[in-house]
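Throughout, a chain's letter reflects where its sequence line sits, starting with A, and its residues are numbered from 1. When reading the values below, keep in mind they use all heavy atoms of this one structure, side chains included, and skip hydrogens, waters and symmetry mates.
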2 protein chains.
Amino acid sequence: MSTLREMAERLGVSIATVSRAMNDKPGVGSETRQRVLALAQELQYQPNLAARSLVTSRTNTILFIVHQRQFTEAEDPFYPFIMLGLEEALKVDGFHVMLLTLNDAQLAAGPTALRAFQEKRADALVLAGPDISSKFILSASALGLTTLLVDNQLQLSSFTSVQPQNEEGSQSSTNHLIEVHQHRHIALLRGPGGWASSDERAAGYLAAMGGANLDPILVEVDDTTIESGKDAAKQALEHHPQVTAFVTANDAMAIGAMRAARGMGRRTPEDIAVIGFDDISWASYADPPLTTVRIPTIEMGRLAGRLLLELLNGAVSVKSRVRVATQPIIRQSCGCNGHIEEKK
Amino acid sequence: MSTLREMAERLGVSIATVSRAMNDKPGVGSETRQRVLALAQELQYQPNLAARSLVTSRTNTILFIVHQRQFTEAEDPFYPFIMLGLEEALKVDGFHVMLLTLNDAQLAAGPTALRAFQEKRADALVLAGPDISSKFILSASALGLTTLLVDNQLQLSSFTSVQPQNEEGSQSSTNHLIEVHQHRHIALLRGPGGWASSDERAAGYLAAMGGANLDPILVEVDDTTIESGKDAAKQALEHHPQVTAFVTANDAMAIGAMRAARGMGRRTPEDIAVIGFDDISWASYADPPLTTVRIPTIEMGRLAGRLLLELLNGAVSVKSRVRVATQPIIRQSCGCNGHIEEKK
DNA sequence: TTGAAAGCGCTACCAG
DNA sequence: CTGGTAGCGCTTTCAA
């Protein structure tokens with residue numbers, strides 16, 4: 001592996017000059033620069049990043065932190081996509097992504113787990129997922145690293161964050177049911193209160209119902225799985241038999257709801273229309289194919305990456321809360337015939 | 001951030017002594033060592049890894065390389081689990097995992113993409129997935145980094161590799177169909193030839209059929225998706241109407257096969273029993289719940305991590321090909337009543 | 001058991 | 001425009 005010194009000797013110039021040439025810094029004659037670059041090319045020179053880090057205090061590495069269970073969550077692997085997008089965006093500037101998963105105990109213990117990263121290990125932190133507590137976020141950022149939140153946000157403090165437009169998404173899907181399919185009795189099968197995404201999606205539904213002067217019907221369950229979707233659908237159908245459509249907190253619940261409804265003799269979409277949220281991979285294979293709201297996960301990751309790069313370059317210093325537009329995916333569970341299938 | 005020097009000054013000893021004490025090296029009086037450790041504790045001392053890397057040429061980082069599309073593959077996100085297990089195992093020794101995804105072009109271009117990692121960026125490479133070519137593997141390992149293969153293997157060269165017991169897995173599921181459910185006409189719906197996992201799973205099926213003196217029925221399609229599962233099932237049922245059971249290359253195909261069969265008036269498991277492979281997250285939600293063969297993905301990642309650590313520590317130098325046992329998951333699509341549901 | 005010092009490869013400052 | 005050099009924080013010889 002060649003070094004700056006080696007190149008300097010072969011070229012008969014100083015190490016400093018080679019360094020300047022390699023880093024596109026001013027103060028090198030264009031002819032000299034040419035020769036340096038040519039030799040670097042020939043030698044396949046790669047800078048030793050440890051040495052560079054030692055003097056610059058920058059590592060070109062960012063740490064992606066996520067709850068262990070969430071990372072590969074059974075019914076909806078969301079964060080690997082975020083990480084993929086992040087890595088894509090970061091690598092164009094020569095940055096790398098490290099994965100750090102935290103279990104419940106580590107999350108509770110606070111930033112002890114991060115201590116090892118204080119010292120020259122990462123330039124920034126991406127904290128992903130709603131189940132990272134405010135306390136943890138605050139103490140992590142106190143480490144002095146640039147911090148960005150994905151799918152999480154703190155009300156009080158201001159961090160740069162990237163989140164989906166939950167409210168707009170469910171408002172538009174509710175409107176689709178109202179305007180295109182003329183439903184009047186639409187129930188929201190929602191997840192637990194207190195979780196930002198559940199609350200925001202509920203707000204979108206309420207806005208749409210209010211806008212159309214319809215009475216909202218809310219059914220809240222304490223989880224957002226297929227099973228809880230079944231429960232919610234049963235409750236809704238028993239207490240509100242007039243309901244003809246469901247808006248659900250996510251796709252897993254939508255699938256559960258369709259199954260429960262079918263078990264009660266109600267077919268989708270003829271008797272009960274259903275619209276989910278997320279567009280997980282199996283949504284298009286559901287029976288019938290699920291109409292839903294797509295969260296552009298990879299794109300969210302890319303955006304987070306680009307934001308981080310700007311923050312790190314000092315190009316921007318404002319903390320911004322970015323909302324990424326969701327996309328309606330019209331399939332058949334809403335009553336459409338599915339000809340307006342999405343283009344991937 | 002405190003440094004060795006700072007500690008040395010406060011303790012009135014030399015930097016070398018502090019370094020030795022911190023690294024558990026001999027040559028330090030036990031009393032001195034105590035004092036050093038106590039101060040380190042108090043100061044929350046963290047070594048500067050860039051500085052350490054510069055002198056030791058070790059980074060405590062391993063690079064997880066996977067094909068971009070594969071990492072979050074729509075129907076079966078396999079590699080995030082591997083990465084999770086890897087990270088879990090590695091972090092106990094203070095190692096970190098970096099993600100590098102490669103697209104088709106980069107894969108074809110050879111190790112250019114890896115050049116940046118030659119220099120003090122990673123101590124080892126984990127190459128995951130069958131679609132990383134031998135050529136790429138060979139040239140990557142020529143970089144001089146310890147290399148480990150997951151879900152891939154080279155026939156000629158010897159690399160340490162971790163793979164599932166594909167052959168044993170499908171042999172046992174085929175046997176289940178033969179012995180427990182008395183099927184005589186079992187078709188294998190297999191994926192493309194040439195892919196090691198497809199071939200191995202086929203071999204397991206053939207072994208079981210041969211062992212029972214039954215005639216194998218092979219249907220090969222060029223993909224392993226729900227759609228190709230449908231195609232394969234249609235072909236099988238048309239050309240071999242006597243077939244009463246399917247063994248499929250993976251769960252996605254199994255689900256497609258059940259749907260196609262149902263479309264042709266054959267119910268699962270009454271008319272056609274089906275057993276898949278992989279145990280993807282949606283297998284238990286299929287209709288009927290899918291009997292399959294589970295690949296212990298997270299455990300494979302952990303194993304890869306432990307192996308790597310041994311290799312790096314020089315504890316072991318032998319290149320070993322490790323096969324991880326799969327686990328039969330009996331649900332209902334095979335004809336069992338599902339009471340023997342797996343314990344997670 | 002301990003200390004002094006060289007040096008890993010690089011950036012950045014100061015002279016010229 | 002160019003060169004010399006200090007020094008980032010650490011590990012590791014070599015002496016004492």
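- Rounded to a whole Å, the CZ atom of B:Arg35 is 9 Å from the P atom of C:dT2.
- Residue B:Thr160 holds its OG1 atom at 8.5 Å from CG of B:Leu308, rounded to the nearest 0.5 Å.
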Practice prompt. List the steps and the verdict of side chain to side chain contact (heavy atoms under 4.5 Å, CB included) for A:Phe78 and A:Ile295.
Written response: CA-CA 10 Å; A:Phe78 185 80; A:Ile295 297 178; 4.0 Å; yes
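- Note that CE of B:Met7 is 10.5 Å distant from OG of B:Ser19, once rounded to the nearest 0.5 Å.
- A straight line from CG of A:Leu43 to C1' of C:dG9 spans 15 Å, rounded to a whole angstrom.
- Of the residues near DNA chain D, A:Thr32 and A:Ile15, the one whose nearest nucleotide (by heavy atom distance) lies more toward the 5' end is A:Thr32.
- Using a distance-only test at 3.5 Å, with no hydrogens or angles considered, no donor-acceptor pair links the side chain of B:Arg323 to the main chain of B:Gln165.
- Minimum atom distance to the side chain of B:Ala16 is reached by C:dG3, of the listed C:dC10, C:dG3, D:dC10.
- Out of D:dG9, D:dT11, C:dG9, the shortest distance to the side chain of B:Asn48 is found at D:dG9.
- Nucleotide C:dG9 holds its C1' atom 20 Å from the CZ atom of B:Arg58, rounded to whole Å.
- By the 6.0 Å contact criterion, CZ on A:Arg306 is enclosed, its count of non-hydrogen atoms from other residues, nucleotides or ligands being greater than 12.
- Side chain of B:Asp93 to main chain of B:Phe95: no donor-acceptor pair is present (N/O by atom type, distance under 3.5 Å, no hydrogens or angles).
- The separation between B:Asn60 atom CG and D:dC10 atom P is 15 Å, rounded to whole Å.
- Between A:Arg20 and B:Ala51, it is B:Ala51 whose nearest contact on DNA chain C lies nearer the 5' terminus.
- Going from atom CG of B:Leu311 over to atom OG of B:Ser320 covers 7.5 Å, rounded to the nearest 0.5 Å.
- When rounded to the nearest whole Å, the span between CE of A:Met7 and C1' of C:dC10 equals 13 Å.
- Remark: A:Tyr45 is not in phosphate contact with C:dG9, judged by side-chain N or O atoms under 4.0 Å from OP1 or OP2.
- The side chain of B:Ser19 places an N or O atom within less than 4.0 Å of a non-bridging phosphate oxygen (OP1 or OP2) of D:dT11.
- For B:Thr56, no side-chain nitrogen or oxygen approaches OP1 or OP2 of D:dT11 to under 4.0 Å.
- The side chain of A:Thr17 places an N or O atom within less than 4.0 Å of a non-bridging phosphate oxygen (OP1 or OP2) of D:dG3.
- Only A:Gly27, A:Val28, A:Gly29, listed by number, bring a heavy atom of residues 21-31 of chain A to less than 4.0 angstrom from any atom of DNA chain D.
- When the side-chain nitrogen and oxygen atoms of A:Arg52 are compared with OP1 and OP2 of C:dT11, one or more of them lie within a distance under 4.0 Å.
- The interatomic distance linking A:Glu6 (CD) with C:dG9 (C1') rounds to 12 Å, in whole Å.
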